[in-house]
Protein chains: 2
Amino acid sequence: MRLTSFTDYGLRMLMRMASAPDRAFSTAELAEEFGLSRNHLSKIMQKLAQGGHVTTRRGGGGGATLARSARDIRLGGVVRLLEEGQALVECFGPGGGDCSISGCCGLKARLRSAEAAFLADLDRSTLADIALAQPEGAEA
Amino acid sequence: MRLTSFTDYGLRMLMRMASAPDRAFSTAELAEEFGLSRNHLSKIMQKLAQGGHVTTRRGGGGGATLARSARDIRLGGVVRLLEEGQALVECFGPGGGDCSISGCCGLKARLRSAEAAFLADLDRSTLADIALAQPEGAEA
DNA sequence: CTTTAATAGGTATTTACAATACGTATTAAC
DNA sequence: GTTAATACGTATTGTAAATACCTATTAAAG
């Protein structure tokens with residue numbers, strides 16, 4: 001059971017942005033800070049923007065900011081978005097309807113239920129619950 | 001969010017064995033039936049035997065049978081066994097304790113909780129719940 | 001006791017896909 | 001108009017899952 005690093009990084013980017021909600025973060029800055037590929041983080045940011053979690057602004061002084069309060073961003077929703085297209089097992093994916101191995105369907109229903117339980121548990125938390133305690137410049 | 005085919009196939013093998021609990025299944029037979037690699041299924045069967053879910057017998061007429069009633073084999077336990085060593089996110093794995101990206105730990109706890117919810121949901125079902133309705137030779 | 005049918009398990013290879021890199025277009029600030 | 005940023009398509013790389021192969025071991029059957 002594994003999440004892609006795409007999702008992993010996406011969550012961390014949101015956490016970082018939540019720590020300073022007023023200002024914009026460029027992907028270059030986040031990539032630098034995390035020691036990761038700027039291009040990769042750009043892709044993730046685009047996805048987060050598509051999902052409505054962040055708003056991006058191009059041009060000088062641009063970057064991304066949270067589209068809503070961290071309190072209103074549920075973790076399950078973020079994971080659902082970033083893991084989109086990831087099939088839990090092969091027969092969940094496109095063209096997996098054939099299911100040559102008999103008995104697939106009883107299993108499928110149980111797996112879907114478990115997946116839903118996973119996401120529901122995440123939905124009990126918001127970004128605010130896992131964000132860094134103190135925004136920068138607010139210490140002592 | 002994805003399970004390995006190792007786990008997927010392992011569950012199907014158990015389902016098939018549960019459909020005829022009295023007799024032994026050779027990996028060759030299951031591989032033939034599923035159209036999959038015999039060697040791969042052998043590895044999975046070994047793991048299932050290590051986990052105590054099946055008992056294997058070598059030699060002529062050997063093969064594997066369920067070690068317990070299908071009613072006593074919980075799906076969460078099987079998935080836990082077969083997914084052993086799979087880290088949900090990178091920093092869960094070996095050497096992931098460093099976690100260069102700050103704020104990992106708040107996220108970690110939430111992800112672990114969700115993973116537990118996933119497995120707990122599966123534990124609500126047993127192999128008997130998803131096995132094929134009728135064992136062969138028991139029709140009508 | 002030899003043959004045959006099966007698991008056990010190590011190692012090597014293949015392959016799929018996530019991760020990354022690159023390049024160009026677009027947009028907006030200054 | 002120049003610069004700083006995102007947007008996004010495509011190409012490449014790297015890694016790990018999936019598979020294949022080979023040899024040992026075990027036990028049944030003749």
Side-chain angles (χ1 to χ4, degrees), chain A residues 1-10 12-13 17 23-32 34-51 53-65 67 82-90 92-96 101, chain B residues 1-10 12-13 17 23-32 34-51 53-65 67 82-90 92-96 101:
Chain A
M1 186 172 172
R2 144 178 270 179
L3 300 177
T4 62
S5 76
F6 198 84
T7 300
D8 193 8
Y9 298 161
R12 290 157 197 282
M13 289 161 76
M17 287 192 278
R23 74 183 186 83
F25 287 84
S26 73
T27 56
E29 177 186 355
L30 291 171
E32 166 82 16
F34 292 170
L36 297 172
S37 152
R38 183 195 164 285
N39 294 287
H40 198 208
L41 297 197
S42 286
K43 296 285 166 70
I44 299 170
M45 196 65 94
Q46 283 174 43
K47 191 80 183 175
L48 288 172
Q50 282 165 26
H53 297 304
V54 303
T55 54
T56 58
R57 257 172 68 96
R58 300 207 241 200
T65 48
L82 295 174
E83 289 284 311
E84 205 173 70
Q86 279 288 325
L88 185 61
V89 291
E90 195 195 349
F92 279 21
I101 302 173
Chain B
M1 186 169 170
R2 148 176 266 181
L3 300 178
T4 60
S5 76
F6 198 83
T7 299
D8 193 8
Y9 299 161
R12 290 158 198 281
M13 289 162 75
M17 288 192 277
R23 75 180 184 84
F25 287 84
S26 74
T27 56
E29 178 186 353
L30 291 170
E32 165 81 14
F34 292 169
L36 297 172
S37 152
R38 182 195 165 284
N39 295 286
H40 198 208
L41 297 197
S42 287
K43 297 285 162 71
I44 300 170
M45 196 66 93
Q46 285 173 43
K47 191 79 182 175
L48 289 172
Q50 283 166 26
H53 296 304
V54 302
T55 54
T56 57
R57 259 173 66 98
R58 301 209 240 199
T65 49
L82 294 174
E83 289 284 311
E84 205 174 71
Q86 279 287 328
L88 186 61
V89 291
E90 194 194 350
F92 278 22
I101 303 171

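Note: hydrogens, waters and symmetry copies are ignored here, and every other heavy atom, side chains too, is used. The chains referred to below are lettered A, B, ... by the order of the sequence lines, with proteins before strands, and numbering in each begins at 1.
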So does [X] get a side-chain nitrogen or oxygen closer than 4.0 Å to the phosphate oxygens (OP1/OP2) of [N]?
X	N	value
B/Arg2	D/dA17	no
A/Thr4	C/dA18	no
A/Gln86	C/dC17	no
A/Ser5	C/dA18	no
B/Thr56	C/dA6	no
A/Ser42	D/dC8	no
B/Arg38	C/dT7	yes
A/Gln50	D/dA7	no
B/Ser26	C/dA5	no

Taking atom [atom2] of [N] as reference, at what distance in whole Å does atom [atom1] of [X] sit?
X	N	atom1	atom2	answer
A/Leu82	C/dA18	CG	P	14 Å
A/Ile44	C/dA21	CD1	P	13 Å
B/Glu32	C/dA6	CD	P	13 Å
B/Phe6	D/dA17	CZ	C1'	11 Å
B/Lys43	C/dT7	NZ	C1'	12 Å
B/Leu36	D/dA20	CG	C1'	14 Å
B/Phe34	D/dA18	CZ	C1'	17 Å
B/Gln46	C/dG10	CD	P	8 Å

Revision key, fill the gap. side-chain contact (heavy atoms from CB on, under 4.5 Å) test vs B/Met13 passes for just one of B/Asp8, B/Leu41, B/Leu36, namely B/Leu41
Revision key, fill the gap. To the nearest 0.5 Å, atom OH of A/Tyr9 lies from atom CE of A/Met45 at 15.0 Å
Exercise for review: Would you give the length of the straight line joining atom OG1 of A/Thr7 to atom CZ of A/Arg2, rounded to the nearest 0.5 angstrom?
Suggested key: 12.0 Å
Practice item. Specify the closest pair of heavy atoms between B/Ser5 and B/His40, including all atoms of both residues, with the distance to one decimal. Key: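 Heavy atoms only, the tightest pair is OG-CE1, 3.9 Å.
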Exercise for review: Mind listing the closest non-hydrogen atom pair of A/Ala31 and A/Ser37 along with its distance?
Suggested key: CB-C, 4.1 Å
Review point. Ignoring hydrogens and angles, does a donor from either the side chain of B/Lys47 or the base of C/dG9 sit under 3.5 Å from an acceptor on the other?
Key: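 No, no donor-acceptor pair under 3.5 Å.
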Practice item. State whether the distance check finds a donor on one side and an acceptor on the other, under 3.5 Å, for side chain B/Arg58 versus base D/dT26. Key: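 Answer no: no donor N or O sits under 3.5 Å from an acceptor.
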Point to revise | B/Asn39 vs A/Asn39, nearer the 5' end of DNA chain C by closest nucleotide | key: B/Asn39
Point to revise | Side-chain heavy atoms of A/Leu82 within contact of A/Leu48, under 4.5 Å | key: yes
Revision key, fill the gap. Of the candidates C/dA29, D/dA18, C/dA21, the side chain of A/Arg57 sits closest to C/dA29
